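As a basis for the values below, the full set of heavy atoms in this structure was taken, side chains included, without hydrogen atoms, waters or symmetry mates. All figures in this text were calculated on a predicted structure; none of them were measured in a lab. A note on names: the letters A, B, ... follow the listed sequences, proteins ahead of strands, and every chain is numbered from 1.
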Amino acid sequence: MQENLVIVESPAKAKTIEKILGDKYTVKSSYGHIRDLKKKGLSIDIAKGFEPEYEISPDKVKVVSELKKLSKEAQTVWLASDEDREGEAIAWHLKEALQLPDSKTRRIVFHEITQNAILHAVENPRQVDRNLVNAQQARRVLDRLVGFELSPLLWRKVRPSLSAGRVQSVTVRLIVEREREIMNFEGSDYYRVVGEFAMPDGAVFKAELNTRFKTEEEAGRFLADISAAGVVFTVGSVETKPSKRTPAAPFTTSTLQQEAARKLGFSVSQTMSVAQRLYEAGLITYMRTDSVHLSSLAIGAAEEAVAALFGEKYHKTRQYTTKSKGAQEAHEAIRPTDIDRREAGTTAQERRLYDLIWKRTVASQMADAELEKTTAQIVVSNRSEKFAASGEVITFDGFLRLYMESRDDEVSAAKTDGSGDGLLPAMTEGTVLTRGQTVATQRFAQRPPRYSEASLVKHLEELGIGRPSTYAPTISTIINRGYVVKEDRDGVKRDYTVLTLSKAGGLKRTRKSEMTGAEKNKLFPTDIGMLVTDYLAEHFAAILDYNFTARVEKEFDEIAEGGLDWRRMLAAFYAPFHEHVDNAEGETEYVRSERLLGVDPKTGKNVYARVGKFGPMVQLGDTPAAASKAKESSEPSEDEKPRYASLLKGQMVATITLEEALALFELPRELGEYEGKTVTAAVGRFGPYVKHDGKFVSLKVREGDDPYTVTLERAVQLIEEKREAERNRVIRVYEAEDIQVLNGRWGPYIAHGGTNYKIPKTLLAKREAASLTLEELRALIAEQQTAGEGTAPKRTFRRGVARGAKK
DNA sequence: CAGTGAGCGAGCTTCCGCTTGACTT
């Protein structure tokens, strides 16, 4: 019989705490929330003051029954969930679900997982804070009301299975609005002038003119002026200013996601799962946190590490404070649990992420970097504009010796000519310089950048929308709903003008070209994303407002402090909200966004773009109903039926042009005949393809294939390639055993009884797949069958079909 | 790999935040 049962949220935490508390305590985990609103239906009794209808979450039934058993046996049950709104609710739900009497229940919170902190907590128990719990109930009920009233509206008005919510709908809106900014962006151009100058001793440096010219003429005139005989270049003022840089705060979930994306190329969810493994191995502190707080223990350990590695001079104690409004530090920042451990992790990903966390943590306890920035002006005798040269010298590297935070900037592209950083030769006012080559380059204003996963998370955090535990799932949701796609887009070629004034004085004009606007792994809205956002923004402006969450959070805080009744707060929100839902329900049958692109010159028919039942499409000709209404004729003839074509990847209803739309109707194209059968090219669900004799062969877009231009010759080549691959598909067949060794997309595999089995890479490194004996194959199959025993039969399925309504 | 929005017609989809597994193509 155990005297004490302690319940925490996370099993990894339970293990650590059990060690500290000793054998009079059993420490168990609730694995997060154990009760929630019933899965089905609204499960809120609005008439009874928004009374929630709770159930034990289906996946927690086992956990709860075990905890119940243990709590019955224990004398005292310590509820040690996190010290925040959600944690308090978990404690309350536990108390309710386990039917714990006040007399044997203690609510405690840990601020750190150290012996002192835990013993201190045990000595200072309290009861569950009902106000804080009510704040959580208000949050939970409001989210359910919003989500479960808006989503069905979308099913009826737009498309089944769509969703809307306080967090996801605003997240999509951010991406949609950024895309609109990009669409409306009017790029201006200008000329920037960079010149080389030589000191009397021959030292050369670069300097940029302090004026940017609007036109080529102005830039040309300037270059002509300064190339005239007798023009003198003199060093004007020289200024040296000390400056310093400060290390970034230790990682929170959001900053870890951003930095892992920039430095390691991880996706947001990848970062979280790698961090989870490090956490479970006891190597780092909890990875879902918005706190930058470091424990005194960690600060002390970091000091020792810095002193040992770089010397005491490099150390500076810094305590970071979290500016978040909740101001409750339920967790620490993300840091190594043991700073003395320089390397950790079993996979390369784990090691790299650990290294990043280690460096960031230790650097946060290091001295400022000290710099000296020198700016020199160069005066031109016959013009009022001045050149400016700047150089930056690090006089003391401080924390930079270990770590520097990356930035997501695309502005650096304009700074690649070397005028700026680095060292300047020592110069004094009045020194006469020799002009070297001077170049005026046409540049273009930068359009706003598209969001990456990480930059989106950053923005969400700034707006106070979502929580550390929801950033990654929110991104998955909006992608799975088809509101957003994450993909690469090719850039476009852009020409620009360069005027080069040689040292000798000859002026030359050249045209160069560059690729611009290419995007990698960025988030783009889909037509559905835009349609739904516009619809919601029109009818539910309050909820789509970027400050909606901040506003309701303020009210939740008031509830937590006991100054506001949670049912009252919900009533005040719900009445107008529900009225808007009712109003929207009564309006238009379907929400459509149709664009008339123009008239097809060949047929004289109208061309439209809109989102149809199966996704974005273009339409040639009016629908019979619309046409007959217009003409007052009741019999629409066959040729009046409109033609339809789906948009290609990357095309949008909002931006497609008449020319692009007309091109879509040229498919399917007949290329000619091969082996007596016609070959056609078109675009299907899986991209562009050619079809021959009932068989489909995908075009290789990466190799430049295009359904509009592909030739019969190329099509035949692709058909033959596919036939060749088919022939090579079968490596070995044991017919009697129903075992085949086949060549697949990921290399050789075994097919048996309708299921596929892997051949380990380590084995393939040593052996040809064809040489595997029947016994070896049987062993591999048996091995993988027992491994998968008890689990549901494997089914392949496609998740997150980005465009199109098909499931 | 096709289709482009309706009364014959079942039943379903959906929110946000706390947690970890069981899935591998």
For [X] and [N], give me the distance from atom [atom1] to atom [atom2], rounded to whole Å.
X	N	atom1	atom2	result
A:Gln136	B:dC16	CD	C1'	10 Å
A:Arg85	B:dG17	CZ	C1'	10 Å
A:Phe548	B:dC15	CZ	C1'	12 Å
A:Met272	B:dC18	CE	C1'	12 Å
A:Lys39	B:dC16	NZ	P	15 Å
A:Leu162	B:dC15	CG	P	10 Å
A:Gln276	B:dG21	CD	C1'	9 Å
A:Leu94	B:dC18	CG	P	15 Å

When you measure from the side-chain N and O atoms of [X] to the phosphate of [N], is any distance below 4.0 Å, counting only OP1 and OP2?
X	N	result
A:Arg139	B:dG17	no
A:Ser29	B:dT20	no
A:Ser10	B:dT19	no
A:Arg35	B:dG17	no
A:Arg159	B:dT13	no
A:Thr470	B:dC16	no
A:Gln619	B:dT4	no
A:Gln168	B:dC16	yes
A:Arg166	B:dG17	yes

Stacking check [X] vs [N] (5.5 Å / 30 deg):
X	N	answer
A:Tyr689	B:dC1	no
A:Phe696	B:dC1	yes
A:Tyr31	B:dT20	no

Among [options], the nucleotide that comes nearest once only the side chain of [X] is considered:
X	options	answer
A:Ser646	B:dG21, B:dG3, B:dG17	B:dG3
A:Pro152	B:dT14, B:dC18, B:dG3	B:dT14
A:Tyr286	B:dC15, B:dT19, B:dC18	B:dT19
A:Asp143	B:dT13, B:dC15, B:dC16	B:dC16
A:Tyr644	B:dG17, B:dT19, B:dT4	B:dT4
A:Ser151	B:dG3, B:dT14, B:dG17	B:dT14

[N] base to [X] side chain: any donor-acceptor pair below 3.5 Å?
X	N	answer
A:Arg288	B:dC18	no
A:Tyr590	B:dA6	yes
A:Arg140	B:dC15	yes
A:Ser161	B:dT13	yes

Please work out if [X] contacts a base, only the sugar-phosphate, or nothing of the nucleic acid, heavy-atom cut-off 4.0 Å.
X	result
A:Val167	sugar-phosphate
A:Glu280	sugar-phosphate
A:Val591	nothing
A:Pro11	sugar-phosphate
A:Lys40	sugar-phosphate
A:Arg144	base
A:Ala164	sugar-phosphate

Any donor-acceptor pair under 3.5 Å linking the side chain of A:Arg166 with the backbone of A:Arg144?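 Checking the backbone N and O of A:Arg144 against the side chain of A:Arg166, no donor-acceptor pair under 3.5 Å is found.
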
Residue whose closest nucleotide on DNA chain B lies nearer the 5' end, A:Pro160 versus A:Gly612: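 Its nearest nucleotide being more 5', the pick is A:Gly612.
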
Name the residue closer to the 5' end of DNA chain B, choosing between A:Tyr279 and A:Trp155 according to the nucleotide with the nearest heavy atom.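 Its nearest nucleotide lies further toward 5', so the answer is A:Trp155.
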
Looking at side-chain heavy atoms only, is the closest gap between [X] and [Y] below 4.5 Å?
X	Y	value
A:Leu531	A:Val158	yes
A:Met287	A:Thr253	no
A:Val167	A:Thr477	no
A:Met617	A:Arg610	yes

Taking 4.0 angstrom as the limit, do A:Asp84 and A:Arg467 come out as a salt bridge?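 Between A:Arg467 and A:Asp84 there is no salt bridge, as every charged N stays at least 4.0 Å from the carboxylate O atoms.
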
Salt bridge flag under 4.0 Å for residues A:Glu587 and A:Lys157: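 No, no charged N to carboxylate O under 4.0 Å.
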
Is there a side-chain contact (heavy atoms from CB on, under 4.5 Å) between A:Asp693 and A:Ile719 once you walk through the steps? CA-CA 10 Å; A:Asp693 195 15; A:Ile719 291 165; over 6 Å; no

